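Sequence positions, counted from 1, serve as the residue numbers for this chain. It should be emphasised that the depicted structure is a prediction, and the values quoted were computed from it without experimental measurement.
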Amino acid sequence: MGKQRRWLVAKKSACLMALPFLTLSPTSWALNAAISGVSSPVENNIDAYLQSIDEELYTDVRLEGEIRQRAREAMRVFGYYEPEITVDLNQTPVSVQIEPGPQVRIEVLSINIAGDAQSDPPFQNALNNFPLREGDALQHAPWDRLRNQLSGLAIERGYFDWAFADRKMEVRPYLESARLYMDFNSGPRYRFGETSIVGSHIEPERLRQMQTFETGAPYLAESLARYNQRLAETGWFSSVSVRPRLETAQELTIAPFAGGAPWWNEATASQPQRPRLSSAALASALSLNRRDEDDTRLPIDVSVEPADRHQFEVGIGFATDVGPRLRFGWQQPWINRFGHSLNHDVYISAPEQRFTGVYNIPLEDPIRDNYRLQYGVRNRDDGDTQSLEGTVEVARRWEFENRWVQTLYFRTTFEDFTQGGVSDDAWLFYPGIQWSRTRTRPQRFPLWGDRQQLSIEYSDPAWGSDAQFARVTGDTEWIRTIGNDNRFSARLSIGAIETDDFDKLPPSLRFFAGGDRSVRGYSFESLSPKNEEGRLRGGQQLLTSTVEYQRRVTGDWWGATFVDSGDAFDNWGPEDLKTGAGVGVRWISPVGPIRFDVAHPFDSEDDWRVHFSIGPEF
């Protein structure tokens, strides 16, 4: 007997020593059981209860008892309280035969809501959607969900005095019946009080204009979350906290019966602690004082910290079109108490160097509405194109609820250029309007997304321009995923210029095709009409399209195959668009997607071109 006991101790010790290794394959020690005699939902629940049993840690007698106990617990939630369970450990897998017995049915179902929530639609919807009725088989899960749903709605919708006056489930297995009682008293619904702002370097009134709720409106937690998000999106702050001042609104609060702090203390950690009345004192006070409307006003505390006034960013990349590239950014998210911002950007590559700046003046809604002053200088020296360009633009921007952005702008451009061996310079003054929208998820490597953009511009000598033209450009791009491993993308770009002064238009307004983001298989901006000397002169129209299919190979590695077609030309309906096709590899690196493509142009038998780029698609 002593030897057997020592052997059991040694066996248990060995099991304990092996525990760290069990985490490598936890399912290998799970009990494998064949369950029969019950319907699928009940069988699945029993199987889930038995999964965590490690039969190596039990003697046969204890294992059989543990299986029976867990099976009964798994069946109770479906109303089976008196099953007969037969366990055969000599079979592989272990045989668990069940005679479920009678199913308990609901004899009495009493659910009541009192207080202001009685007329609140979400609470009524919760009751209307409750699936159980008198005479139905008892199920615990819907009952527990309703309890959690009511308490969750109360917290979300400002019923901070809520309580269950009665909540019980009386089960009589011998009578095959159950009585369910739930009386929920929401108390009054609190309303938004005055907003207090602390730590802001921006005019407080500007932050109040961004509120997603009105003082006196019924409390809604979602409104606070949206207000918090909007403040964070301004870029003015390094941290934002929007929270209700719960203890101020509930000076007469019953301390928890079990002692300790109430649940909302963590949410109001920054507020001074105040004494609470006992139940008896509260009852006495309520009998003498009626609650007026101000008692349900819930002050809102906004605490913010300024963002760094100067922020710097350096980026290094490479693309086949331009070779190595360097970018330096200097952002000033706020430069005064009105929230104006200033951003500067320097971009350097072999064919192009540019400096740009944006001065942003936010309006009543800083996220959606603003004025912008943009300016910049760009130098290009790429094959048949050489130009030095200076631009100043004043714009008014609106963002609508559907996420479309409308921009109305007036642009002034001076460009000294040589295109295809022909040199000239031009002063252009032209207004324009643009509509755009970009949606992606997730951000780094979208599995779903789309982008649209449409721009219309017009220039006329009547206000001093050197050329008259109307220019329209449009882009659309779509990404969709089937399952987790099949990703499709499509892109279409169009452009058209109507003018009698094409030779006066600088290269920045003419159309060229070819390159990593256009028709692969052809070098960057190598497709356009040519002059008599065989040099590129740019086109008056543009049409390019792309269809690409990507397949996940493993992890963050994807394979791709694609077809691109398009050209820049002087007349619509070209007889022969340039087409290229190829294969590629995508790697979702920590710094963004890296794309490597090999493409072959269809109008050449020997040419192959490699395309390599780093960065997001949108």
Side chains of [X] and [Y], heavy atoms from C-beta outward: is any pair under 4.5 Å?
X: Pro299; Y: Glu194; answer: no
X: Ile588; Y: Trp558; answer: yes
X: Trp236; Y: Leu207; answer: yes
X: Phe164; Y: Arg147; answer: yes
X: Val171; Y: Tyr81; answer: yes
X: Phe160; Y: Tyr219; answer: yes
X: Ser110; Y: Leu180; answer: no
X: Leu231; Y: Met210; answer: yes

Atom of [X], atom of [Y] and distance for their closest heavy-atom approach:
X: Met182; Y: Leu150; result: SD-CD1, 3.8 Å
X: Leu153; Y: Pro122; result: CD1-O, 3.8 Å
X: Arg444; Y: Ser589; result: NH1-O, 2.6 Å
X: Ala560; Y: Glu548; result: CB-OE2, 3.8 Å
X: Ala307; Y: Pro333; result: CB-CG, 4.4 Å
X: Leu447; Y: Pro442; result: N-CD, 3.7 Å

Please check if the side chain of [X] supplies one atom and the backbone of [Y] the other of a donor-acceptor pair under 3.5 Å.
X: Arg368; Y: Phe400; result: yes
X: Asn128; Y: Gln124; result: yes
X: Gln452; Y: Thr438; result: no
X: Asn129; Y: Asn125; result: yes
X: Arg552; Y: Gly555; result: yes
X: Arg297; Y: Gly193; result: no
X: Asn228; Y: Val242; result: yes
X: Thr296; Y: Tyr190; result: no
X: Arg68; Y: Ile85; result: yes
X: Asn45; Y: Ala74; result: yes

Quick one: do Arg157 and Leu220 satisfy side-chain contact (heavy atoms from CB on, under 4.5 Å)? Show the steps, please. CA-CA 5 Å; Arg157 301 181 67 80; Leu220 194 62; 3.6 Å; yes
Pi-cation contact, Phe445 with Arg487 (under 6.0 Å, within 45°): yes
Using the six-membered ring of Tyr227, assess whether NZ or CZ of Arg230 lies under 6.0 Å from its centre and within 45 degrees of the ring axis. no
Interatomic distance, [X] atom [atom1] to [Y] atom [atom2] [nearest 0.5 angstrom]:
X: Phe184; Y: Leu146; atom1: CZ; atom2: CG; result: 9.5 Å
X: Phe123; Y: Tyr159; atom1: CZ; atom2: OH; result: 5.5 Å
X: Arg245; Y: Leu298; atom1: CZ; atom2: CG; result: 9.0 Å
X: Met169; Y: Leu109; atom1: CE; atom2: CG; result: 10.0 Å
X: Trp143; Y: Phe130; atom1: CH2; atom2: CZ; result: 6.0 Å
X: Ser196; Y: Asp301; atom1: OG; atom2: CG; result: 5.0 Å

Under 6.0 Å from the CG atom of Asn484, do we count more than 12 heavy atoms belonging to anything else shown? no
Answer with yes or no whether the side chains of [Y] and [X] bring together a donor and an acceptor at under 3.5 Å.
X: Asn112; Y: Tyr181; result: no
X: Gln311; Y: Glu313; result: no
X: Thr86; Y: Asp88; result: no
X: Gln211; Y: Thr195; result: yes

Run the salt-bridge test on [X] and [Y] with the 4.0 Å N-O cut-off and return the result as yes or no.
X: Arg133; Y: Asp136; answer: no
X: Arg480; Y: Asp450; answer: yes
X: Arg70; Y: Glu66; answer: yes
X: Arg189; Y: Asp120; answer: yes
X: Arg62; Y: Glu64; answer: no

List the steps, then state whether side-chain contact (heavy atoms from CB on, under 4.5 Å) holds for Trp557 with Val585. CA-CA 7 Å; Trp557 290 88; Val585 176; 3.7 Å; yes
Determine, step by step, whether Tyr549 and Phe562 satisfy the ring pair (Phe, Tyr, Trp, His ring centres under 6.0 Å) criterion, reporting the C-alpha distance in whole Å, the side-chain angles of both residues, the deciding distance to 0.1 Å, and the verdict. CA-CA 6 Å; Tyr549 166 67; Phe562 56 86; over 10 Å; no
Of all pairs that satisfy salt bridge (Lys or Arg N to Asp or Glu O under 4.0 Å), the ones with a partner from residues 98-118, not counting sequence neighbours: Glu107-Arg179
Apply side-chain contact (heavy atoms from CB on, under 4.5 Å) to residues Arg595 and His611 and explain how you reach the verdict. CA-CA 8 Å; Arg595 295 181 293 277; His611 296 270; over 6 Å; no
Side chain to side chain donor-acceptor pair (under 3.5 Å) for Arg243 and Ser241? Distances and angles first, verdict last. CA-CA 6 Å; Arg243 61 181 65 179; Ser241 173; 3.2 Å; yes
Given the rule in the side-chain contact (heavy atoms from CB on, under 4.5 Å) test, do Tyr58 and Ile53 qualify, once you have shown the distances and angles that lead to the verdict? CA-CA 9 Å; Tyr58 293 85; Ile53 295 179; 4.0 Å; yes
For the residue pair Phe213 and Phe192, does the interplanar ring angle fall in the parallel (under 30°), tilted (30 to 60°) or perpendicular (over 60°) class? parallel
Kindly assign one of parallel, tilted or perpendicular to the pair His201 and Phe237, based on the angle between their ring planes and the thresholds 30° and 60°. perpendicular
Output all residues satisfying side-chain contact (heavy atoms from CB on, under 4.5 Å) with Gln443, sequence neighbours left out; order by chain, then residue number. Thr440
